[in-house]
Every structure is written in structure tokens, then in C-alpha cells.
Amino acid sequence: MTKIIVANWKMNGSKAFITEFFKNFISAPQNFIIFCPPALYLKDVLNHTSRVGGQDCSSHLSGAYTGDISSVMLNDIGCQYVLLGHSERRSYHKETSETVRQKAGHVLKADLIPIICIGESKEVRDAGRARDFVLEQLSHSLPAVSDKTYYIAYEPVWAIGTGLTATENDIIQMHEAIRQALPQQHIPLLYGGSVNKENAHTILALPNVDGVLVGGASLKYEDFNHIVAFSELPMV
Ligand code: 13P
């Protein structure tokens with residue numbers, strides 16, 4: 001079964017980095033890898049692969065919104081995906097689930113696939129409210145019209161960039177809860193949060209895990225090549 005591997009480079013990289021990365025990146029035609037570089041480098045990555053996504057987009061289609069980029073523009077330059085509601089956007093840019101929902105609507109209209117990120121903080125998990133919090137965030141973030149494909153990425157905030165991965169049980173339980181709450185059954189569910197070359201194989205084999213969203217480890221081609229090699233799992 002082919003799993004989806006998404007590289008979120010966040011605010012990292014340069015033209016030289018991209019040249020070096022793709023000189024050493026190894027993937028097979030059947031692999032399903034999506035790269036989300038900083039907006040300035042989308043075109044550079046599009047020179048190497050067609051599966052490319054933005055890390056965010058505006059909640060408006062066009063107009064006087066200095067510094068913003070619209071979903072239509074991402075489509076125009078050849079992107080196919082957009083990450084939405086990443087925890088770093090939610091916390092540093094105060095994005096609400098309602099904003100994420102609005103963006104998701106525009107993204108779908110622009111014929112792009114939104115990858116909608118959700119996840120609880122450590123405080124929420126410690127209080128035993130992780131499931132309720134995530135399901136509420138999900139219900140408010142989903143696009144109003146949902147006959148088109150979107151992806152969901154469960155990224156517990158406390159696992160992002162910390163080296164702390166959610167336990168297998170945490171992932172199994174949360175992904176099952178998310179799966180049951182989704183209006184359509186075929187929506188791909190990704191896990192993100194300190195995925196690396198050591199744990200990717202185990203995480204990708206868990207039930208209801210259709211792929212992974214990788215931050216830090218996607219910036220090192222040696223590590224990312226390992227993760228990509230795990231994305232073809234035998235059917236069980
Ligand atoms: P890390 O893999 O660095 O923990 O980042 C995860 C993430 O935020 C991907 O979107």
C-alpha cells in the first residue's frame with residue numbers, strides 16, 4: 001500500500017540547498033511524496049517534482065492584502081496542495097479554525113488539495129481533553145463543502161520539533177476518533193510530530209495512518225530517503 005509522505009520545510013532552505021537536496025534525493029515512481037518549501041522556492045522545487053504544496057495561503061482570493069498569497073496564485077504556478085492550520089500558524093499568527101475553514105473553501109475552489117492540520121497542546125493532553133479538543137478543532141476547520149478531497153494531518157503540538165513522538169497507542173486512538181468523525185471515509189489521515197528515520201516505519205504501519213508529515217527530518221536527504229523507502233508497505 002502506498003503511503004503519503006509530506007515534507008514541510010517550514011522557513012528553511014535556499015536555492016543551493018534545493019539543488020543539493022534533489023541531487024541526492026532517491027525515490028521510486030510509485031512513491032507519493034509532496035514537498036512544501038517556503039513560498040519563494042516553490043518554483044525551484046517545481047523544477048524537480050510536480051507534487052508541491054504551499055505552507056499556507058490567504059483567506060481571501062485577491063485584493064489589498066500585502067504580503068499574502070492566494071490559493072489561485074498557488075494553482076497558477078503549478079502547486080497541487082496547501083498546508084492549512086499548521087500549529088505554528090495557529091500559535092504565531094493567531095489563526096483560528098474558522099479562518100482555516102474559510103481558507104480550505106478557497107483552496108478547494110482553486111482545485112488544490114488542502115492538508116488541514118489539527119492537534120492538541122501538552123496542557124490539553126495532560127488535562128485528559130486531547131480527544132475532545134482535536135475533534136472540536138476538526139469540526140470547525142473542515143471545509144463547508146466537502147465533496148472534494150482534502151487531507152487531515154494530526155500533529156500533537158507537544159510532539160512537533162521536540163523529539164517526543166506520540167505513542168503508538170496515542171496515534172491509533174486519535175486517528176480512529178478522527179476517522180469516525182469525518183463525513184467521508186476516504187480522506188487520507190497523516191501523522192506528524194518528530195517523525196524520523198527510526199520511527200517512520202512503525203508509524204506508517206499503524207491502522208488509519210495513510211502517511212506522515214515530516215518537519216526536521218525532511219531537511220536531511222539521508223534521513224528523508226530512509227523515510228521515503230518505508231512508504232511502500234506490504235498489504236496486511
Ligand atoms: P517535526 O517533524 O520537526 O517535529 O515537525 C513536524 C511538523 O510540524 C510538520 O508539519
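Every number for a ligand or one of its atoms is a count from 1 in the order of the listing.
For Asn8, every heavy-atom contact with ligand 1 shorter than 4.0 Å involves the side chain, none the backbone.
Contact annotation: Gly161 has at least one heavy atom less than 4.0 Å from an atom of ligand 1. Ligand 1 does not have Ala217 within reach: every non-hydrogen atom of the residue lies 4.0 Å or more from it. The shortest heavy-atom distance from Cys117 to ligand 1 is not under 4.0 Å.
For Glu98, the CD atom is densely surrounded, since the number of other residues' heavy atoms within 6.0 Å is greater than 12.
Nearest non-hydrogen protein atom to atom 3 (O) of ligand 1 is Gly216 N, 2.8 Å.
Judged by distance alone, the side chains of Glu120 and Trp158 do bring a donor and an acceptor atom under 3.5 Å apart. Side-chain atoms of His86 and Glu155 form a donor-acceptor pair, as typed in the model, at a separation below 3.5 Å.
The shortest distance between side-chain heavy atoms of Leu213 and Ser218 does not fall below 4.5 Å.
Ser97 pairs in a side-chain hydrogen bond (donor to acceptor under 3.5 Å, both in side chains) with only one of the listed residues (Gln137, Arg90, His140, Gln102), which is Arg90.
Near Glu155, the atoms of ligand 1 lying under 4.0 angstrom from a non-hydrogen atom of the residue are 6 (C), 7 (C), 8 (O), 9 (C), 10 (O). Applying the 4.0 Å criterion to heavy atoms of Lys10 picks out, from ligand 1, the atoms 5 (O), 6 (C), 7 (C), 8 (O). Of all the atoms in ligand 1, the ones that sit under 4.0 Å from a non-hydrogen atom of Gly215 are 1 (P), 2 (O), 3 (O), 5 (O), 6 (C), 9 (C). Listed by number with element, the atoms of ligand 1 under 4.0 angstrom from any heavy atom of Ala159 are 4 (O).
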- request: Could you give me the CA-CA distance, side-chain angles and deciding distance for Glu95 and Val100, then say whether side-chain contact (heavy atoms from CB on, under 4.5 Å) is met?
  value: CA-CA 7 Å; Glu95 278 191 17; Val100 174; 4.0 Å; yes
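The aromatic ring centres of Trp9 and Phe17 sit less than 6.0 Å apart.
Polar contact check, Glu88 against ligand 1: no nitrogen or oxygen pair lies under 3.5 Å apart.
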